[in-house]
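Data block below; observations after.
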Protein chains: 2
Amino acid sequence: MGTTQLESVPEPKYWHLKTVLTEALDSEFSVGEILPNERDLAARFGVARATLRQALEQLELEGRLQRRRGVGTTVAPPRVGVAVGTDPHAWPGAPGDAWRPVDCTVALPPGAVADLLETGRDERVHTVRRSRVTHGRPVAADLLYVPDASVPDLSAIDAASGAARARAVLRELQRLELEGQDQAVELGSASAEDAKELDRLPGAPVLVVTTRYYAEDRTAAVSVATYRADTCRLTFGDAGDVEIHHDPERRAS
Amino acid sequence: MGTTQLESVPEPKYWHLKTVLTEALDSEFSVGEILPNERDLAARFGVARATLRQALEQLELEGRLQRRRGVGTTVAPPRVGVAVGTDPHAWPGAPGDAWRPVDCTVALPPGAVADLLETGRDERVHTVRRSRVTHGRPVAADLLYVPDASVPDLSAIDAASGAARARAVLRELQRLELEGQDQAVELGSASAEDAKELDRLPGAPVLVVTTRYYAEDRTAAVSVATYRADTCRLTFGDAGDVEIHHDPERRAS
DNA sequence: AAGTGGTCTAGACCACATC
DNA sequence: ATGTGGTCTAGACCACTTA
């Protein structure tokens, strides 16, 4: 027979498709270039559109593609390095931090946050919404939870509203002496609210960074920041802006 | 008319399904319990199986469910906190680290790694495979890339093979004075090789932690560790084992 | 209005684990 | 042999952007 190799472990079509597309992206496309639409691509590869989409979804997850409804699929730029754990001795809102306060409300935090703060599950806390922009693009949305016990002077806060109120909470928080912080990173999916802020669809993959701020021997504040997983590489330490390239010239010897 | 509210922004079915299932998981199911199979669930909710699966996929991504082919879908335990950035002054393989050396080969590293090491793209390096296990479950697979320039005594390495050779490379590496390290976290998908190690299917979402080790004023080694994104919460700082709970008792007042 | 990606359906078959 | 989740198909319609 003419078959040279029996496919003992048949690779799924979408997996093979992904490999082929990855190689094509490395060699034949440049950043920002638009791909043919899904129907054409599927036809070209001789697969159903759903199968093609399975491959595209993975490539988008890996940050190689960007898809926008009504527009098309483009080759994504390399992920941007976003510094996350730079200074363990600075409060949020300290001079030079990357966040822009948006507004502030008093609301019931998620149960998991209430547990970290050791407030009761029915205790409302100051909730500061912040937004982070890099290279002109929104990369993260953040909610900072601050219990009453962590803001010495309430009157300065209640006098303001909107972004001014958010800044007031941060200012009051900075009066405490920060004793330390720790962080955790996990995978999540964007809530409808975060999605809007990040210019993505709800459910889009995000990296959730939870930071606990310690002061006065307790957890004085908790921040939950959601970063776009498709476009961000979170950096810890001092290598913030090192670029990681996809092999533009893979020529194995 | 009897309609109380015009659905001005019709929520996708799978999104609503996910919400319903999340609430059910919080209130009616306990960890390890098996759900009805996908065909039954789809019928019960009156949707196509593909739509039901879209909801299940998201819940698995969020670490709420675990699905195994041939077995079924079970309620996942809370993610385990895995310490990642504990000691910035310790080499890999130092006493007490969480990794088990598996084997070691000499191979051409990925182009991105070669760039970090500042070796040529056609230069082969020692490649140590390691594996990390927590609570009896594999949580991460790792490749440590070490150029010849970072191992003073090659003869001690070439004499061994397998895990012994891996340990020899780590031992030689520890003779250098570590000047610092930095890390980056990003989302990826498991290669076929990693998938096997992690007991997942290829393409499964993983958190990729890239660590650069500095010594002698250069990058002396690079580690690329892939953690199961569904089961792991990466912790930085000293809050390793704090548990995060899903609200088991959400009773809003 | 036309073209894009996003959602959804109702099937089919396959790979795998278990009995 | 049976039952599970994983892959795949060939359609349909919807939401959104752009012209």
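Here is the naming used below: chain letters follow the sequence lines, and residue numbers restart at 1 for every chain.
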[X] has a side chain; which of [options] sits nearest to it?
X     : options              : value
A/K13 : C/dG5, D/dC8, C/dT7  : D/dC8
A/P12 : D/dT7, D/dT4, D/dT18 : D/dT7
B/N37 : C/dT9, D/dT9, D/dT4  : D/dT4

Note to self: Applying the salt bridge (Lys or Arg N to Asp or Glu O under 4.0 Å) criterion to B/R129, which one of B/D142, B/D194, B/D103 satisfies it?
What the structure shows: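 Of the listed residues B/D142, B/D194, B/D103, the salt bridge (Lys or Arg N to Asp or Glu O under 4.0 Å) partner of B/R129 is B/D194.
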
Rounded to the nearest angstrom, tell me the gap between atom [atom1] in [X] and atom [atom2] in [N].
X      : N      : atom1 : atom2 : value
B/D230 : D/dG5  : CG    : P     : 16 Å
B/L35  : D/dG5  : CG    : C1'   : 13 Å
A/R49  : C/dT4  : CZ    : P     : 10 Å
A/E11  : D/dC8  : CD    : C1'   : 15 Å
B/R53  : C/dA10 : CZ    : P     : 17 Å
B/E60  : D/dG5  : CD    : P     : 11 Å
B/E38  : C/dC14 : CD    : P     : 18 Å
A/Q66  : C/dT4  : CD    : C1'   : 15 Å

Notebook entry, point to check: Toward the 5' end of DNA chain D, which comes first, A/W15 or B/P36, by nearest nucleotide?
Noted result: B/P36

Notebook entry, point to check: Relative to the 5' end of DNA chain D, which residue comes earlier, A/T51 or B/R69, by the nucleotide with the nearest heavy atom?
Noted result: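 The residue whose closest nucleotide sits nearer the 5' end is B/R69.
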
Notebook entry, point to check: Mapping B/A48 and B/R39 to their closest nucleotides on DNA chain C, which lands nearer the 5' end?
Noted result: B/A48

Next item on the list: Give a yes/no on whether any side-chain N or O of A/T73 is located under 4.0 angstrom from OP1 or OP2 of C/dT4.
Entry: no

Note to self: Looking at A/Y14, I'd like to know whether one of its side-chain N or O atoms comes within less than 4.0 Å of OP1 or OP2 on D/dT7.
What the structure shows: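 Yes, because at least one side-chain N or O of A/Y14 sits under 4.0 Å from OP1 or OP2 of D/dT7.
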
Say whether [X] and [Y], considering side chains only, have a donor N or O and an acceptor N or O under 3.5 Å apart.
X     : Y     : value
B/R53 : B/Y14 : no
B/Q66 : B/T74 : no
B/Q54 : B/T51 : no

Notebook entry, point to check: How far does CG of A/D230 sit from CG of A/L65, to the nearest 0.5 angstrom?
Noted result: 10.5 Å

Check: Looking across every strand, which nucleic acid part, if any, lies under 4.0 Å from A/R68 by heavy atom: base, sugar-phosphate, or nothing?
Finding: sugar-phosphate

Check: Base, sugar-phosphate, or nothing: which does B/L56 touch, judged by heavy atoms less than 4.0 Å apart?
Finding: nothing

